[in-house]
Enquirer: 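Sharing a structure here in structure tokens format.
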Amino acid sequence: MGDKVKTQRTRELEFGGPLGALLLPVLLPCTVLHLLLACRSEEASLFSLPSPLPSLADLWVPGSLLLLLAWCGLQAALYLLPLGQVTEGMPLRDGTRLSYRVNGFQAFAITSVLVVAGVASGVLRLSAVYDVCVDLAVAAVILSFVLALLLYARSLCVPESALAPGGNSGNPVYDFFIGHELNPRIGSFDLKYFCELRPGLMGWEAVLTTMDIVNDGFGFMLAFGDLAWVPFTYSLQAHFLVGHPQELAPATAAGIILLNALGYFIFRSANSQKNTFRRNSNDPKVAALETIPTATGRQLLVSGWWGLVRHPNYLGDLIMALAWSLPCGSAHVLPYFYVIYFTVLLIHREARDEHQCRRKYGSAWNEYCKRVPYRIFPYVY
Ligand code: NDP
């Protein structure tokens, strides 16, 4: 990135500023551990401590860190394979674009073949993942702290133009937490893109126009989210069902599958529509949609999915989240943690995005809000 493009100091701090940035790296890992341990206890209570609590020696198993590093190493090797397309990201502040290899599907297919071969040959026992899940989560927390510290140290040596506009406050605790550098890379290996799409969650498309990639720096928030929070709390429902199996009537199961399909359809169509539009507004798939011009030269979609609510992709994601929790029945709140937390996260995220869009697009954004009054849930919110 050209050195002439300076990154301004971040004045508006999020997540409670430095105090939030100090507390969250303690509270969030404790939450992950509490949720996993609670799921494994008979009471499965969200609000009381699981007993007995494991000792520190039980939680720290060096083999789990090695297993996690082997998994990340395998995914990094697959990411480097010259398979799949190379595509360009959104323009950076100096007008240049970074290239990204899109081979998540191939990586997923190869990983699946390896897992099936491992299970068929008896080398791999899938239930072992459940057995070591808590130790793996501890290893993932340690790895995310180490990664975030290395990222912060590295960000002190890069040109100012490479910093993230939201993570340049000058307060080391805050910048470590939010992410100081926007797109840390080793050669063509993009660390943020890799962590977002591989070790903890695979198969996500249309990611190059999302806030995580375009706006957010790579620091503790994303490193911990990608390596620890997403894989270990988003799978909580499956974890719960191992110890608390539920009977589902076929009609209920069919209803839940349909709800999930509806959520996926909305999530995917809305994200694809915006992604296609941002990449090429003349693409025949989006060329007929109504738009509002903005002073920046960019346009805002005001019909199609983005004319229904201002964040149709969040709506689809939340419907899926509910569908993933419903198979756990109604006797416990714990397996609904994901959908409750995710609603809070997306409402907060919507407010963050709204704030940034109003700053970027001014009166055009106000016009959009007038035309599309609901944020996430049609006629509700
Ligand atoms: P979006 O992909 O919704 O991106 C928001 C950006 O889209 C805005 O900043 C603006 O950027 C552009 N935009 C907004 N409105 C319009 C419009 N009307 N027309 C054209 N462009 C518009 O945000 P996220 O990154 O938050 O979400 C991406 C996906 O990731 C969602 O499906 C979300 O549910 C999911 N997600 C999942 C999480 C999880 O933990 N599972 C966490 C966070 C997100 P610009 O104008 O600059 O292009």
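These numbers were taken from a predicted model, which means no experiment stands behind them. One-based numbering, in listed order, for ligands and for the atoms of each.
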Enquirer: Once rounded to the nearest 0.5 Å, what's the spacing between atom CG of L143 and atom CG of L136?
Expert: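 So the CG of L143 and the CG of L136 are separated by 11.5 Å.
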Enquirer: Using a heavy-atom cut-off of under 4.0 Å, does the side chain or the backbone of V302 touch ligand 1, or both, or neither?
Expert: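 Answer for V302: neither.
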Enquirer: Salt-bridge test for K192 and E196: reply yes if a basic N is under 4.0 Å from a carboxylate O, no otherwise.
Expert: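 Salt bridge: no.
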Enquirer: Are any of the N/O atoms in R298 less than 3.5 Å from those in ligand 1?
Expert: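 Yes - when backbone and side-chain N and O of R298 are compared with those of ligand 1, one distance drops under 3.5 Å.
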Enquirer: Give the atom numbers and elements of ligand 1 that come within less than 4.0 Å of a heavy atom of F267.
Expert: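 Counting atoms of ligand 1 from 1, those under 4.0 Å from F267 are 32 (O).
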Enquirer: Please check whether Y361 reaches ligand 1 - meaning an N/O of the residue sits under 3.5 Å from an N/O of the ligand, judged on distance alone.
Expert: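 Yes.
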Enquirer: Near D353, which atoms of ligand 1 are under 4.0 Å from a heavy atom of that residue?
Expert: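 Listed by number with element, the hits are 5 (C), 6 (C), 8 (C), 9 (O).
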Enquirer: Please could you name the atoms of ligand 1 that F342 approaches to less than 4.0 Å, counting only its heavy atoms?
Expert: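 Under 4.0 Å from F342, ligand 1 has these atoms: 37 (C), 38 (C), 39 (C), 40 (O), 41 (N).
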Enquirer: Could you find the nearest protein heavy atom to atom 36 (N) of ligand 1 and give me its residue, atom name and distance?
Expert: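 Going by distance alone, atom 36 (N) of ligand 1 is nearest to D317 OD2, 3.8 Å.
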Enquirer: Where is the nearest protein heavy atom to atom 28 (C) of ligand 1: which residue, which atom, and how far?
Expert: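 Here the nearest protein heavy atom works out to T210 CG2, 3.5 Å.
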Enquirer: For atom 44 (C) of ligand 1, what is the closest protein heavy atom, and at what distance to 0.1 Å?
Expert: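 Answer for atom 44 (C) of ligand 1: R349 NE, 3.5 Å.
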Enquirer: Report the nearest protein non-hydrogen atom to atom 23 (O) of ligand 1: residue, atom name, distance rounded to 0.1 Å.
Expert: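 Scanning the protein heavy atoms, the shortest distance from atom 23 (O) of ligand 1 goes to Y314 OH, 3.7 Å.
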Enquirer: Are the side chain of Q246 and the backbone of H244 linked by a donor-acceptor contact shorter than 3.5 Å?
Expert: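 Such a contact is found between Q246 side chain and H244 backbone.
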Enquirer: Report yes if Y368 has an N/O atom closer than 3.5 Å to an N/O atom of ligand 1; otherwise report no.
Expert: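 Min N/O separation from ligand 1 is below 3.5 Å for Y368.
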Enquirer: Return yes or no for this condition: an N or O of M211 is under 3.5 Å from an N or O of ligand 1.
Expert: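 There is such a contact, yes.
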Enquirer: Any idea which part of Q356 is under 4.0 Å from ligand 1, heavy-atom wise: side chain, backbone, both or neither?
Expert: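 Under 4.0 Å from ligand 1, Q356 contributes no heavy atoms.
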Enquirer: For ligand 1, which is the ligand I care about here, please tell me if Y341 has any N or O atom under 3.5 Å from one of the ligand's N or O atoms.
Expert: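 No; every N/O pair is 3.5 Å or more apart.
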Enquirer: Contact between K285 and Q273 at the side-chain level, heavy atoms closer than 4.5 Å - yes or no?
Expert: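 K285 vs Q273: side chains apart.
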Enquirer: Report yes or no: is the cationic atom of R352 (NZ for Lys, CZ for Arg) closer than 6.0 Å to the six-membered ring centre of F15, at no more than 45° off its axis?
Expert: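 No.
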Enquirer: Counting both backbone and side chain atoms, is some N or O of W306 under 3.5 Å from an N or O of ligand 1?
Expert: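 W306 vs ligand 1: no N/O contact under 3.5 Å.
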Enquirer: Polar contacts were defined as any N/O atom of the residue lying under 3.5 Å from an N/O atom of the ligand; does this apply to K360 and ligand 1?
Expert: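 N/O-N/O distance below 3.5 Å exists for this pair.
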Enquirer: To check your reading of the model: name the closest protein heavy atom to atom 3 (O) of ligand 1, its residue, and the distance in Å.
Expert: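 Going by distance alone, atom 3 (O) of ligand 1 is nearest to N313 ND2, 2.8 Å.
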Enquirer: Starting from atom 29 (C) of ligand 1, what is the nearest protein heavy atom, named by residue and atom, and what distance separates them?
Expert: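 The closest one turns out to be W204 CZ2, 3.7 Å.
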Enquirer: Quick check on contacts: which atoms of ligand 1 are under 4.0 angstrom from a heavy atom of C357?
Expert: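 Listed by number with element, the hits are 8 (C), 9 (O), 10 (C).
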Enquirer: Is there any N or O on L301 that sits under 3.5 Å from an N or O of ligand 1?
Expert: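 L301 vs ligand 1: N/O contact under 3.5 Å present.
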Enquirer: Say you draw a straight line from SG of C133 to NE2 of H239; how long is it, rounded to the nearest 0.5 Å?
Expert: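 These two atoms lie 4.5 Å from each other.
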Enquirer: State whether Y100 and R185 meet the cation-pi test: NZ (Lys) or CZ (Arg) under 6.0 Å from the six-membered ring centroid, and within 45° of the perpendicular axis.
Expert: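 Yes, a cation-pi geometry holds between R185 and Y100.
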Enquirer: Would you kindly say whether T10 and N168 are connected by a side-chain donor-acceptor distance under 3.5 Å?
Expert: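 Not at all, the side chains of T10 and N168 share no donor-acceptor pair under 3.5 Å.
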Enquirer: Number the atoms of ligand 1 from 1 as they appear, then name those within less than 4.0 Å of a heavy atom of H311, with their elements.
Expert: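 Near H311, meaning under 4.0 Å from one of its heavy atoms, ligand 1 has 3 (O).
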Enquirer: With sequence neighbours left out, write down each residue that passes side-chain contact (heavy atoms from CB on, under 4.5 Å) with V129, or none if nothing qualifies.
Expert: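 Testing V129 for side-chain contact (heavy atoms from CB on, under 4.5 Å), a comparison that skips the adjacent residues, returns none.
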Enquirer: Atom 4 (O) of ligand 1: which protein heavy atom is closest, and how many Å away?
Expert: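 For atom 4 (O) of ligand 1, the nearest protein heavy atom comes out as K274 NZ, 3.1 Å.
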Enquirer: With no hydrogens and no angle check, just 3.5 Å: does a side-chain donor-acceptor pair link E12 and H355?
Expert: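 Yes, H355 and E12 have a side-chain donor paired with an acceptor closer than 3.5 Å.
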Enquirer: So how far is it from L236 CG to S325 OG, rounded to the nearest 0.5 Å?
Expert: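 That separation rounds to 8.5 Å.
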Enquirer: How long is the gap from OH on Y381 to CZ on R310, to the nearest 0.5 Å?
Expert: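 Spacing of OH (Y381) from CZ (R310) equals 8.5 Å.
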Enquirer: Tell me whether the centres of the aromatic rings in Y341 and W229 are closer together than 6.0 Å.
Expert: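 Here the rings of W229 and Y341 have centres that are less than 6.0 Å from each other.
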Enquirer: Does the pair D212/R349 count as a salt bridge with the N-to-O cut at 4.0 Å?
Expert: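 So D212 pairs with R349 through a salt bridge.
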Enquirer: Suppose I only count heavy atoms of R278 and a 4.0 Å limit; which atoms of ligand 1 are within that range?
Expert: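 The list of qualifying atoms is 20 (C), 21 (N), 45 (P), 46 (O), 48 (O).
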Enquirer: List the closest protein heavy-atom neighbour of atom 40 (O) of ligand 1: residue, atom name, distance to the nearest 0.1 Å.
Expert: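 I find the closest protein heavy atom is Y234 OH, 2.4 Å.
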